[in-house]
Each structure stands twice: as structure tokens, then as C-alpha cells.
Amino acid sequence: MKKITIAIDGFSSSGKSSMARQLAATIGYAYIDSGAMYRAVALYCLENDIITGDGIIDTERLEKCLPQINIGFEVNPVSGRSEVTLNGVNVENCIRTLEISNVVSRVAAVPAVRHAMVAIQQQLGIKKGIVMDGRDIGTTVFPDAEMKIYVNADAQVRAERRYKELLEKGQSVEFDEVLKNVKERDYIDMTREESPLRKAPDAILLDNSHMTPEEQNEALLQIFKRITNA
Ligand code: DC
């Protein structure tokens, strides 16, 4: 069967990564989490004092350093998942913290960072057969994607999911802090000048506030089957 490109965009903590990964595994496509790439750049910025914990960025230095920030993916031999690398080092476990979440939207709003990441993402998807999730996949990265999904859920519901996830990872966080971060990232992602989070006109809206993960996965699979006549 001819392979297609699948773009899944949406708000932070909307569960889009889990459903995108699951869909890719079910249909035998590659999965790329584009948010992980921006998180890895944010990690580089924190490690190299390009951004302060309060989110003040030295944009000029960041632009100068960009050629030395190599972002890639490698497959974890145990889980079979693709994991993000920063200059050849697997940083998958270091990028899912609240510290990174607090600054990543600001790093992702820098046009030069976006241009560099979009170029890598387009290269990764050149052969199709890919599910990529993010904020601008259906609008900027793959505007011609055959299947586009726009995921949303209440901010409160999304914060509860992210809070649970962080607690399960043993991170000590306050719920209010997580909710504040979710709302702040929504605002920055939607109002930035370069490729803001928007529903592509041809994207299918999926509000999963009241859906179980199984229901979401099934809904996505049905859309895929309909689009590919499978
Ligand atoms: O999906 P996530 O929460 O891991 O993404 C982290 C941040 O990266 C998010 O705040 C916005 C940004 N992002 C983006 O601007 N464009 C993308 N395609 C993916 C993520």
C-alpha cells in the first residue's frame, strides 16, 4: 500500500505524542516527536547558559551556536522507540522535566531555531510512511500531508495528565505550577510570530478531553483507514 504522511498537531500535554506513537506502531510507520527536538535545543541552551531559568534568551548567541547543535534520533534497542540525541548523546530522559518545559516554548519561538528544526523534520519525512507530532506539522512542515489531526483538550485535563506523568517519574511538582506552565505554553505557542499553533484548514479536530487512550487510538486508526481506503 502507498505510504502517506501523517501530521498530528495540538496543545501541550494533549496526549498527541502517545496516540501518534501508538498509531505509528499499529500501521508500521516511523514516529517522530518534533517537540523532543525543541526540548533538546532548550537543554543545550540551559547547559550553556544561553537561557536563564526565567526564560531570558541570548538570541544572538543561540543563533551563533546553532551550527554546533546537532539534533537526531536513535532507536532504543530495548523499547524499539526512537529517542532524541543532542550532539550524539541520547538525552531522551533529560528533556521531560518541568525545568525544560518552563523554557522550551521560548526557545521554540526563535525563528532561526524553527528553520533549523523544520529542515531536519522535512528530511526525516521525505520518504513518507511517517507520523510526526508537534505544533506546526500540518501547517508548515508537511502542508501536503494526506492525514492531519488537530488535538485539543481542556487545559485543566491536560495539566492533570502532565502532573500525574511527572509524579510517576518521581519528580516533585505542585499541580498549580504544572497548570500555570500548560497555560503559559499554550499562550506562547499560539501567539508567536513564526509558525504559531493553528489548526490547518484541512485538519480533523479531535477533542480528547473525555476520551480514554483506547478510544483515541481507535478514532485515529479509523481516520487512517478511511483516508487510505484500507
Ligand atoms: O510537544 P512538547 O510539549 O514536547 O513540545 C515542547 C515545546 O516545543 C512546546 O512548548 C512547543 C514547541 N514545539 C513547537 O514549537 N513546534 C513543534 N513542531 C513541536 C513543539
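Start at 1 and go down the list; that is how both ligands and their atoms are numbered. Below, each value reflects all heavy atoms present in this structure, side chains not excepted, and no hydrogens, waters or symmetry copies. Source: prediction; values computed, not measured.
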Next on the checklist: Out of Arg185, Arg39, Met117, who is nearest to atom 4 (O) of ligand 1 when you count heavy atoms only?
Outcome noted: Arg39

Checklist outcome for this item: Within 4.0 Å of some non-hydrogen atom of Asp189, the atoms of ligand 1 are 9 (C), 10 (O), 11 (C)

Checklist entry - Does ligand 1 have any atom that is closer than 4.0 Å to a heavy atom of Arg192? => result yes

Checklist outcome for this item: Heavy atoms of Glu184 and Asn102 approach each other most closely as OE1-O, 4.3 Å

Checklist entry - Hey, which atoms in ligand 1 end up nearer than 4.0 Å to a heavy atom of Asp136? => result 16 (N), 17 (C), 18 (N)

Item to check | Euclidean distance, Met19 CE relative to Leu221 CG, rounded to 0.5 Å | outcome: 13.0 Å

Checklist entry - What residue and heavy atom of the protein are closest to atom 16 (N) of ligand 1, and at what distance? => result Arg114 NH2, 3.0 Å

Checklist entry - So which of Ser13, Gly134, Ser17, Gly35 gets nearest to atom 5 (O) of ligand 1, if we judge by its closest heavy atom? => result Gly35

Item to check | Side chains of Ile204 and Arg226 in contact at under 4.5 Å (non-hydrogen atoms) | outcome: yes

Checklist entry - Which protein heavy atom lies closest to atom 19 (C) of ligand 1, and at what distance to 0.1 Å? => result Ser34 OG, 3.3 Å

Item to check | Proximal ligand 1 atoms for Tyr38, defined as those under 4.0 Å from one of its heavy atoms | outcome: 8 (O), 13 (N), 14 (C), 16 (N), 17 (C), 18 (N), 19 (C), 20 (C)

Item to check | Sidechain-backbone polar pair: Glu215 side chain, Thr212 backbone, donor-acceptor under 3.5 Å | outcome: yes

Next on the checklist: Are more than 12 heavy atoms, taken from residues, nucleotides or ligands other than Arg96, located less than 6.0 Å from that residue's CZ atom?
Outcome noted: yes

Item to check | Interatomic distance, Ser14 atom OG to Tyr150 atom OH [nearest 0.5 angstrom] | outcome: 9.0 Å

Item to check | Protein residue, atom and distance nearest to atom 12 (C) of ligand 1, heavy-atom basis | outcome: Ala108 CB, 3.7 Å

Next on the checklist: So for ligand 1, is Ser105 a polar contact partner (N or O within less than 3.5 Å, distance only)?
Outcome noted: yes

Checklist entry - So Asp136 and Arg114, salt bridge (Lys or Arg N to Asp or Glu O under 4.0 Å) or not? Walk me through it. => result CA-CA 10 Å; Asp136 60 341; Arg114 301 208 69 78; 3.0 Å; yes

Next on the checklist: Could you identify the single nearest non-hydrogen protein atom to atom 9 (C) of ligand 1 and state the distance to 0.1 Å?
Outcome noted: Arg135 NH2, 3.2 Å

Checklist outcome for this item: All heavy atoms of Gly10 vs all of Arg135, minimum pair found to be O-CD, 3.1 Å

Checklist entry - Is the shortest distance from a heavy atom of Lys16 to ligand 1 less than 4.0 Å? => result yes

